[in-house]
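A short write-up of the structure that comes next.
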Amino acid sequence: KKILTTLQYTISNESKEFELFIDVSLFSWGYAWIFPHKGYTVIGCCRDARFLKGVLLKDNFNEWLKNKNIEIKGVNLQGGMINFDYQGFDFGNKFLAGDAAGFASGITGEGIYFAMVSGREVARKIDDPNYKTVEIDEILKIKRTQELLLKLLPLLNKSLLNLFFNFSLFLLKVKWFKNKVLKLYS
């Protein structure tokens, strides 16, 4: 039930800067991004599928692109879903890892690190059924904190949410805070 909806365009122009954009009125508990790559740029957005009922993310995304003067004519829209609805990973002789187990972040959609850790832990568990999955326990602590935040954020109005998210982005420029966040995801 907990899924992030994602949309993105890959354009041939190469952006110089990695950028994140938060606008609760357009993306609810999500955000937009510009991710530069060598020779192209990925421009996209994501949001929790449970929110923005009755409002199409694609329409909001296209409005944002228009406001940013980003041309997407002739470029194929890509989309996907990111599962962050953790229901377990060990089901007897069947195991789940990464997004399949819902290990992705419900806040950012990031899941590569959690996928690598959970995959490694599942392999150890298969090799030794008595293995204690300590690293998965650490992931689940992080997810519990994120889930609590996801429950509290809807209590704020849109102006306060934008302020909260933009303050969080500002804090990411502070070395101590940035290191704390990086520790949670790497």
Side-chain angles (χ1 to χ4, degrees), residues 2-52 55-84 98-99 103-117 139 142-143 145-147 149-150 152-154 156-186:
K2 299 175 185 173
I3 298 201
L4 293 175
T5 304
T6 64
L7 299 173
Q8 70 179 26
Y9 291 99
T10 302
I11 61 172
S12 59
N13 303 2
E14 187 175 333
S15 177
K16 301 286 187 240
E17 299 290 327
F18 167 90
E19 299 179 71
L20 292 177
F21 301 89
I22 295 169
D23 185 336
V24 175
S25 63
L26 291 175
F27 306 116
S28 183
W29 319 118
Y31 59 95
W33 62 80
I34 297 177
F35 293 164
H37 295 270
K38 188 173 184 179
Y40 66 96
T41 300
V42 177
I43 302 169
C45 68
C46 74
R47 63 125 167 114
D48 190 322
R50 297 172 296 173
F51 301 104
L52 278 180
V55 178
L56 296 177
L57 180 61
K58 182 179 175 183
D59 293 342
N60 290 1
F61 184 38
N62 286 332
E63 178 184 332
W64 179 80
L65 290 165
K66 183 178 176 183
N67 291 338
K68 291 296 226 181
N69 295 316
I70 298 172
E71 181 59 50
I72 45 102
K73 189 174 182 178
V75 180
N76 290 330
L77 178 66
Q78 302 164 319
M81 298 183 300
I82 300 171
N83 171 30
F84 67 97
D99 290 3
F103 280 122
S105 168
I107 295 174
T108 65
E110 195 279 329
I112 294 171
Y113 173 71
F114 290 167
M116 291 172 39
V117 169
I139 290 172
I142 294 167
K143 284 191 63 62
T145 301
Q146 291 176 352
E147 294 290 323
L149 187 57
L150 286 170
L152 294 175
L153 289 177
L156 302 175
N157 68 37
K158 289 181 181 182
S159 295
L160 287 174
L161 277 171
N162 275 329
L163 182 64
F164 169 80
F165 286 131
N166 285 305
F167 182 67
S168 297
L169 286 176
F170 168 78
L171 286 176
L172 286 173
K173 296 176 183 176
V174 176
K175 188 176 181 177
W176 178 87
F177 187 81
K178 181 178 178 180
N179 289 338
K180 289 286 186 188
V181 171
L182 288 174
K183 187 176 179 181
L184 289 175
Y185 290 106
S186 58

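The chain is numbered in sequence order, starting from 1. Every value quoted in this text rests on a predicted model; they were computed, and no experiment measured them. What's counted below: heavy atoms across the whole structure, side chains too, no hydrogens, waters or symmetry copies.
Between the E17 side chain and the E19 main chain, no donor and acceptor come within less than 3.5 Å of each other. Distance alone, capped at 3.5 Å, places no donor-acceptor pair between the N60 side chain and the F27 backbone. For K143 (side chain) and F84 (main-chain N/O), a donor-acceptor pair under 3.5 Å exists by modelled atom type. A donor-acceptor pair under 3.5 Å is formed between the side chain of E110 and the backbone N or O of Y113. The backbone N or O of C46 lies less than 3.5 Å from no partner atom in the side chain of T6, so there is not a single donor-acceptor pair. Using a distance-only test at 3.5 Å, with no hydrogens or angles considered, no donor-acceptor pair links the side chain of T41 to the main chain of P36.
With sequence neighbours excluded, the residues satisfying ring pair (Phe, Tyr, Trp, His ring centres under 6.0 Å) with Y40 are H37. Partners of F61 under the ring pair (Phe, Tyr, Trp, His ring centres under 6.0 Å) rule, at least two apart in sequence or in another chain, are Y9.
For the atom pair NZ (K2) and CG (L150), the distance works out to 8.0 Å, reported to the nearest 0.5 Å. Separation of atoms CD1 (I82) and CD1 (I3) is listed at 10.0 Å; rounding is to 0.5 Å. A distance of 9.5 Å separates CD in E71 from CD1 in I11, rounded to the nearest 0.5 Å. Rounding to the nearest 0.5 Å gives a distance of 9.5 Å between CZ of R47 and CG of L4. Rounding to the nearest 0.5 Å places CD of E147 at 8.0 Å from CD1 of I107. Note that NZ of K58 is 5.5 Å distant from CG of L77, once rounded to the nearest 0.5 Å.
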Using the side-chain contact (heavy atoms from CB on, under 4.5 Å) rule, take N62 and I72 through it: C-alpha gap first, then chi angles, then the decisive distance, then the call. CA-CA 9 Å; N62 286 332; I72 45 102; 4.2 Å; yes
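For the pair F114/I142, a side-chain contact is recorded, criterion being any heavy-atom separation below 4.5 Å from C-beta on. Inter-residue side-chain proximity for C45 and L57 is flagged as met; some heavy-atom pair is nearer than 4.5 Å. Counting only heavy atoms from C-beta outward, the side chains of W64 and I43 approach each other to under 4.5 Å. Contact annotation: the side chain of T10 never approaches that of F35 to less than 4.5 Å [non-hydrogen atoms, C-beta and beyond]. Side-chain contact between K68 and F21 is present, with at least one heavy-atom pair separated by less than 4.5 Å. Side chains of E63 and N67 form a contact here, defined as non-hydrogen atoms less than 4.5 Å apart.
Within a 6.0 Å sphere centred on CD1 of I112, heavy atoms belonging to other residues, nucleotides or ligands number 12 at most. Other residues, nucleotides and ligands contribute only 12 or fewer heavy atoms inside 6.0 Å of the CZ atom of F167.
Heavy atoms only, all atoms of each residue included: Y31 and I22 are closest at CB-CG1, 4.0 Å.
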